[in-house]
Amino acid sequence: YTKTPSPHTQETMLSSVARLSSHTALSPSHSRSSLLLLGQCARASGPYGDSSRRAHSVRSSTSPPKRHFPRVISTAEEAVRAVHSNSTVFIHSVASAPQALIKAMVARAPELRNVTTCSIHTEGAAPYTEPQYAESFRHSAFFIGANVREAVNAGRADFTPIFLSEIPQLFKRGLIPVNVALISVSKPDRHGYCSLGPSVDCSLAAVENADVVIAQINSHVPRCHGSGLIDIRRHVDFVIEKDEPIPTLHEKAASPEVADINNRIGRNVAALVENGSTLQMGIGAIPDATLACLSSHSHLGIHTEMFSEGLIDLVHSGVVTNRYKEVNPGVITGSFLLGSQRLYDFVDDNPSVQLLPCDLVNDPSLIKLNPKVVAINSAIELDLTGQVSADSIGSRFYSGIGGQMDFERGAALSPGGKPVIALPSVTSRGESRIVPSLKPHAGVVTTRAHVHWVATEYGAVFLFGKSVRARAEKLISIAHPKHRERLAHEASQWLKCKIQTVRPDVNENVSYANF
């Protein structure tokens with residue numbers, strides 16, 4: 001607003017914020033004006049954080065919400081009879097992909113044609129992308145996982161580049177009409193509420209806007225708190241009961257040399273984390289190495305799209321308290337999880353962990369409200385101006401946009417925030433990841449203007465507000481020593497000026513406190 005809103009408008013927006021609080025609690029320190037700003041994100045909610053959002057979607061605005069008991073089906077094969085040719089089928093995300101329903105749907109391939117499946121990254125098998133089913137199914141990936149990567153690059157499946165925070169809008173606005181949603185849920189409680197388990201992300205929006213929802217009740221699915229508790233009578237049409245272990249993630253043991261590199265990167269990133277910071281991190285060796293270096297910190301908070309079990313020890317030791325968070329204070333906030341059984345046991349019926357939709361968790365206007373947000377993201381390749389390629393290796397699609405830009409921007413706007421791109425200086429073949437220019441056809445996920453901190457095993461450098469020449473000098477200082485001379489030569493020819501030798505802003509000998 002360019003002027004003070006009328007009392008009626010203020011009350012309307014504050015009412016919206018009250019509805020938002022069923023998803024995200026706000027610290028009492030927020031002013032009335034801050035709450036008004038958040039009003040645009042508000043959602044109407046019912047008990048258990050479950051929402052009455054069907055009225056807000058394009059597809060459901062003409063029909064009342066479902067009020068029925070779902071039909072219990074004895075077999076997955078019978079349940080997926082609801083899938084028809086020329087329809088769109090959403091598949092529950094990450095570790096929650098319902099394998100029994102997927103297998104049953106693919107078994108109907110001879111009688112189905114032109115079925116579009118869509119999802120973000122899923123674990124487990126994705127048989128609908130196999131060549132023999134090309135006439136029956138075509139997959140659309142909002143984020144490319146290992147199980148669909150070959151199909152995407154072979155032209156049998158599609159990749160849609162999109163911010164994770166914006167995927168729910170595809171379903172809510174009817175841009176991608178979801179005919180059938182295949183989901184896995186925990187056993188219902190005595191009130192009829194099931195949990196979407198470790199994946200709320202964009203899956204909740206798909207469920208709320210699908211014509212038909214088929215749920216696989218699985219006792220192995222953890223009951224996670226947050227927005228993923230859905231009323232089975234209102235959201236689900238068909239139910240089967242089929243227990244099967246959900247996928248777990250077990251990192252392969254790294255060689256001593258690689259482990260040392262990851263640990264050095266972790267120490268350089270951890271040096272940027274102050275007490276009272278709010279962290280966003282993904283999964284993998286570098287985030288885990290960073291978390292392992294934070295044992296002497298205090299009052300850290302977690303607001304992240306995903307996390308893995310590297311966080312658990314920091315919670316148990318009292319390092320993570322979420323005390324100073326402004327959004328959901330006192331609570332770990334995420335959108336989806338992937339890890340070992342230890343992680344799933346940790347989040348099961350744990351009220352200190354809340355999983356919320358990705359359009360809230362990844363909303364930069366909410367992220368920025370938390371103090372000292374340190375967003376730790378990775379890159380496949382980074383050029384000397386700071387452009388980040390994270391979704392492709394040249395012309396080969398590898399992953400997706402995900403939430404990197406959501407959190408890079410949110411952290412940059414946070415008081416004392418630090419967006420960090422962390423990567424090893426070289427590939428497994430010894431090629432420099434810091435390059436004069438990105439490979440042909442490589443996608444830029446994070447622009448040079450959005451990059452602030454970059455860390456490798458040789459240190460961390462601050463690029464915000466620096467010229468292209470200064471950026472090149474700083475990035476060369478954290479490149480692998482065997483590539484620095486070549487990088488400096490190519491940069492000097494390109495920029496037509498001498499490239500100076502500089503030291504990293506942070507490394508084992510220079511702390512952030514001295515920067």
Side-chain angles (χ1 to χ4, degrees), residues 88-98 102 116-126 128-129 137-171 175-176 178 181-183 196-207 247 249 280-284 287 304-308 334-339 355-363 375-381 388-393 395-409 421 442-446:
T88 298
V89 178
F90 174 84
I91 296 174
H92 203 170
S93 311
V94 197
S96 294
I102 291 170
T116 299
T117 58
C118 63
S119 68
I120 58 173
H121 155 224
T122 63
E123 291 290 307
Y128 41 84
T129 64
F137 303 101
R138 187 170 182 88
H139 185 63
S140 178
F142 305 123
F143 193 94
I144 302 169
N147 57 358
V148 302
R149 190 172 294 134
E150 186 274 332
V152 169
N153 287 289
R156 299 194 310 276
D158 299 312
F159 166 52
T160 301
I162 186 171
F163 297 132
L164 185 61
S165 61
E166 295 184 333
I167 296 175
Q169 292 300 318
L170 299 177
F171 310 135
L175 299 175
I176 295 182
V178 179
L182 305 181
I183 64 173
L196 290 175
S199 287
V200 176
D201 43 67
C202 63
S203 301
L204 181 60
V207 167
L249 180 69
Q280 176 263 327
M281 81 297 289
I283 60 174
T304 180
E305 68 186 47
M306 68 178 302
F307 63 86
S308 63
S335 197
F336 63 93
L337 310 168
L338 178 62
L355 300 186
L356 309 177
C358 57
D359 50 350
L360 288 180
V361 174
N362 284 49
D363 184 349
I376 307 165
N377 288 284
S378 62
I380 292 174
E381 197 174 56
V388 174
S389 179
D391 68 342
S392 56
I393 303 173
S395 60
R396 182 171 178 259
F397 295 117
Y398 188 80
S399 55
I401 305 297
Q404 181 169 126
M405 268 297 300
D406 297 330
F407 277 93
E408 287 290 298
R409 191 60 184 151
I421 299 295
V444 174
V445 169
T446 300

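The basis for the numbers below is simple: all heavy atoms, side chains too, and nothing from hydrogens, waters or symmetry mates.
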Student: Among residues at least two apart in sequence or on other chains, which ones pass side-chain contact (heavy atoms from CB on, under 4.5 Å) with F143?
Tutor: I120, H121, S399
Student: Looking just at side-chain N and O atoms, do S203 and S93 make a donor-acceptor pair shorter than 3.5 Å?
Tutor: yes
Student: Can you name the nearest heavy-atom pair linking V148 to I144, along with the distance?
Tutor: CG2-CG2, 4.0 Å
Student: Grab the two heavy atoms, one from I102 and one from A97, that are nearest each other, plus how far apart they are.
Tutor: CD1-CB, 4.0 Å
Student: Rounded to the nearest 0.5 Å, how far apart are NE2 of H139 and OH of Y128?
Tutor: 5.0 Å
Student: Rounded at 0.5 Å granularity, tell me how far OG1 in T88 sits from CZ in F171.
Tutor: 9.5 Å
Student: Mind checking side-chain hydrogen bond (donor to acceptor under 3.5 Å, both in side chains) for S96 and listing every partner two or more places apart, or none if nothing turns up?
Tutor: none
Student: Of all heavy-atom pairs between A379 and A390, which one has the smallest distance, and what is that distance?
Tutor: CA-CB, 4.4 Å
Student: Once you round to the nearest 0.5 Å, how far does CD of Q169 lie from CG of D359?
Tutor: 6.5 Å
Student: I'd like to know if the side chain of S308 and the backbone of G339 have a donor-acceptor N/O pair within less than 3.5 Å.
Tutor: no
Student: Between S389 and E381, does a side chain to side chain donor-acceptor pair (under 3.5 Å) hold up when you go through it step by step?
Tutor: CA-CA 5 Å; S389 179; E381 197 174 56; 5.3 Å; no
Student: With rounding to the nearest 0.5 Å, note down the distance linking CE in M306 to CD in Q280.
Tutor: 10.0 Å
Student: Which pair of non-hydrogen atoms, one from G124 and one from P247, has the smallest distance, and what is that distance?
Tutor: N-CG, 4.4 Å
Student: For S378 versus I421, what's the shortest heavy-atom pair and its separation?
Tutor: C-CG2, 4.3 Å
Student: Between the main-chain N or O of P98 and the side-chain N or O of H92, is there a donor-acceptor pair closer than 3.5 Å?
Tutor: no
Student: Tell me, please, which residues at least two apart from S165 pass side-chain hydrogen bond (donor to acceptor under 3.5 Å, both in side chains).
Tutor: D406
Student: How long is the gap from CD1 on I162 to CD1 on I167, to the nearest 0.5 Å?
Tutor: 5.5 Å
Student: Calculate, to the nearest 0.5 Å, the distance between atoms CD1 and OG belonging to I183 and S199 respectively.
Tutor: 11.5 Å
Student: For the residue pair N362 / E166, report whether a side-chain donor-acceptor contact shorter than 3.5 Å exists.
Tutor: no
Student: Do E408 and V388 have side chains that approach each other closer than 4.5 Å (heavy atoms only, starting at C-beta)?
Tutor: no
Student: Within the side chain of D391, is there an N or O that forms a donor-acceptor pair under 3.5 Å with the backbone of F397?
Tutor: no
Student: So do P287 and F307 actually touch side chain to side chain, heavy atoms under 4.5 Å?
Tutor: no
Student: Does the side chain of N147 reach to within under 4.5 Å of the side chain of T129, using non-hydrogen atoms?
Tutor: no
Student: Contact between Y398 and R396 at the side-chain level, heavy atoms closer than 4.5 Å - yes or no?
Tutor: yes
Student: Answer whether the closest heavy-atom distance between the side chains of F142 and I176 falls below 4.5 Å.
Tutor: yes
Student: If you look at every heavy atom in V361 and F407, which pair is closest and at what distance?
Tutor: O-CZ, 3.6 Å
Student: Does S335 use its side chain to pair, donor to acceptor, with the backbone of L355 at less than 3.5 Å?
Tutor: no
Student: Using side chain to side chain contact (heavy atoms under 4.5 Å, CB included), reason through C202 and F90 one step at a time and then give a plain yes or no.
Tutor: CA-CA 10 Å; C202 63; F90 174 84; 4.1 Å; yes
